[in-house]
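Have a look at the structure below, then the notes.
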Amino acid sequence: MPETVLRSFGQGTEPLLIVHGGAGHRSTPLTEDGTASAHAALERVLAAGHAVLAEGGSAVDAVIAAVRELEDAPDFNAGHGAALTSSGTAELDASVMTGDGASGAVAGVRTVRNPVTAARAVMDQSEHVLFGAPTEAQLAEWGVETVDPDHFITEKRRRELAAFQNRPDPMDQHGTVGAVARDSSGHVAAATSTGGIVNQQPGRIGDTPLVGAGTFADDATVAVSCTGTGEVFITEVAAHSVHARVELSGAGADEATVQVLDRIAARNGMGGIIVIPAEGAGLAAYNSGDMFYGAATAAGSHTHV
């Protein structure tokens, strides 16, 4: 297992946005075109989210804006360009949480153009937290945009599925997107979205739509979004574990995050976590060999692919 890499961004209580486009092992390096495309996509994502913060907008609006862009970018495993199930379909999950404890999530959606908007609708327009495969009538009532299921399927993902089914390699099963933000009022929020893992059984659900596992936010501690071996992140309640270590033991966000990734590695899992604390530097950390991530601060933006 590669050692944990940790990068810090921002300071004090300044508005801050950090995003990830998935962590995991790459069996082959990105091509020059693939690298340029991913960098450009991350810059668009950061621009969309940070524009909200720069105008005095809320952390939750910023993470929704950023994750929408991530879902629309075929470079990443969410929305358009999602990984395919063993049946060749796309099943999408997403969640969002604000620092005051409000949250919403969806799992197994097949027609929602931007699953994170459905998660936001659950949070804002229902009395519940998680919906599994909401009906078309419910989506229409919430005002959520839908598309034909073929919208999510790309030729690249079809080839990926065929290659995996011909020669399975669990190290190649990865991909999630997410964003965490802190706004000018000191509030934090997190959102996460995914197409799951390549060749997953239809109906499988990972950590992404589970509040506390893949996503968590608390204005007194941290906002967290995770990516990696979903089953291990679930059993470790990874996102909440970062919060709990900060709240209960007084650990710094960086220390807490590395400790959680170490526990995940000890259970043969891998992945990455992005975190923004209520005060201080935010971070991107991963023990998976690679992770797409980026950050936007008052001083400018940074992307890594």
Side-chain angles (χ1 to χ4, degrees), residues 1-2 20-31 34 37-38 70-95 105-116 132-133 147-178 192-210 213-215 225-236 238 264-265 267-272 286-292 305:
M1 180 68 65
H20 70 77
H25 167 74
R26 295 175 192 160
S27 56
T28 58
L30 289 174
T31 64
S37 179
L70 286 161
E71 291 171 338
D72 286 341
D75 307 83
F76 313 115
N77 174 18
H80 178 60
L84 303 180
T85 70
S86 59
S87 298
T89 58
E91 297 183 359
L92 314 173
D93 309 327
S95 63
V106 292
V109 296
R110 299 188 180 190
T111 62
V112 177
R113 175 168 182 163
N114 292 104
V116 74
V147 293
D148 187 277
D150 286 344
H151 165 80
F152 306 107
I153 300 174
T154 63
E155 187 56 36
K156 173 185 174 182
R157 294 300 186 184
R158 285 195 177 100
R159 292 195 302 268
E160 177 187 68
L161 176 62
F164 187 93
Q165 290 179 334
N166 181 58
R167 188 174 181 178
D169 182 356
M171 292 291 286
D172 289 336
Q173 290 182 300
H174 58 83
T176 301
V177 307
T192 314
S193 181
T194 190
I197 57 176
V198 61
N199 200 52
Q200 69 180 24
Q201 293 186 35
R204 177 262 183 189
I205 296 171
D207 63 305
T208 294
L210 303 182
T215 306
S225 176
C226 302
T227 172
T229 312
E231 282 71 12
V232 180
F233 276 74
I234 291 171
T235 54
E236 284 296 319
I264 287 168
R267 299 189 60 181
N268 298 316
M270 65 175 184
Y286 58 98
N287 63 2
S288 52
D290 297 290
M291 185 167 79
F292 296 106
V305 302

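- The main-chain N or O of Thr194 is never found under 3.5 Å from a side-chain atom of Asn77 such that the two would form a donor-acceptor pair.
- Atom-to-atom distance recorded for Asp290:CG and Met270:CE is 9.5 Å, nearest 0.5 angstrom.
- Ile205 and Pro209 get closest at one heavy-atom pair: CG2-CG, 3.5 Å.
- Closest heavy-atom contact between Gly206 and Asp93: N-OD2, 4.2 Å.
- Shown here for Ala238 and Cys226, the closest heavy-atom pair between the two residues is CB-SG, 4.2 Å.
- Under 4.0 Å is where a charged nitrogen must lie from a carboxylate oxygen, and between Arg267 and Glu231 no such pair does.
- Put simply, the side chain of Ser95 gets close to the backbone of Thr208: a donor and an acceptor are under 3.5 Å apart.
- Asn114 places no side-chain N or O within 3.5 Å of a backbone atom of Val116 that could act as its donor or acceptor partner.
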Enumerate donor-acceptor pairs with a distance under 3.5 Å from any side-chain N or O in residues 78-90 to protein atoms, sequence neighbours excluded.
| residue | atom | partner | partner atom | Å |
| --- | --- | --- | --- | --- |
| His80 | ND1 | His151 | O | 2.7 |
| Thr85 | OG1 | Ser87 | N | 3.2 |
| Thr85 | OG1 | Thr89 | N | 3.3 |
| Thr85 | OG1 | Thr89 | O | 3.4 |
| Thr85 | OG1 | Thr89 | OG1 | 2.9 |

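- Distance alone, capped at 3.5 Å, places no donor-acceptor pair between the Asn287 side chain and the Gly272 backbone.
- The line from OG1 of Thr227 to CZ of Phe292 is 10.5 Å long, rounded to the nearest 0.5 Å.
- Between the side chain of Thr154 and the backbone N or O of Arg157 there is at least one donor-acceptor pair closer than 3.5 Å.
- Across all non-hydrogen atoms, the minimal contact from Gly228 to Phe233 is CA-CE1, 3.9 Å.
- We find the OH-NE2 distance between Tyr286 and His20 to be 13.5 Å, quoted to the nearest 0.5 Å.
- Between Asp75 atom CG and Leu30 atom CG the span is 9.0 Å, to the nearest 0.5 Å.
- The 12-atom threshold is not exceeded at CD of Gln201, counting heavy atoms of other residues, nucleotides or ligands nearer than 6.0 Å.
- Remark: the Thr215 side chain and the Ser225 side chain contain no N/O donor-acceptor pair separated by less than 3.5 Å.
- Judged purely by atom type and a 3.5 angstrom limit, Glu91 uses its side chain to pair as donor or acceptor with the backbone of Gly203.
- Remark: the backbone N or O of Ile197 is paired with a side-chain donor or acceptor of Gln200 at under 3.5 angstrom.
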Check against side chain to side chain contact (heavy atoms under 4.5 Å, CB included), Ile234 and Leu210: CA-CA 8 Å; Ile234 291 171; Leu210 303 182; 3.8 Å; yes

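- Rounded to the nearest 0.5 angstrom, Glu71 CD and Leu92 CG are separated by 8.0 Å.
- Going from atom CG of Asp207 over to atom OG1 of Thr192 covers 8.0 Å, rounded to the nearest 0.5 Å.
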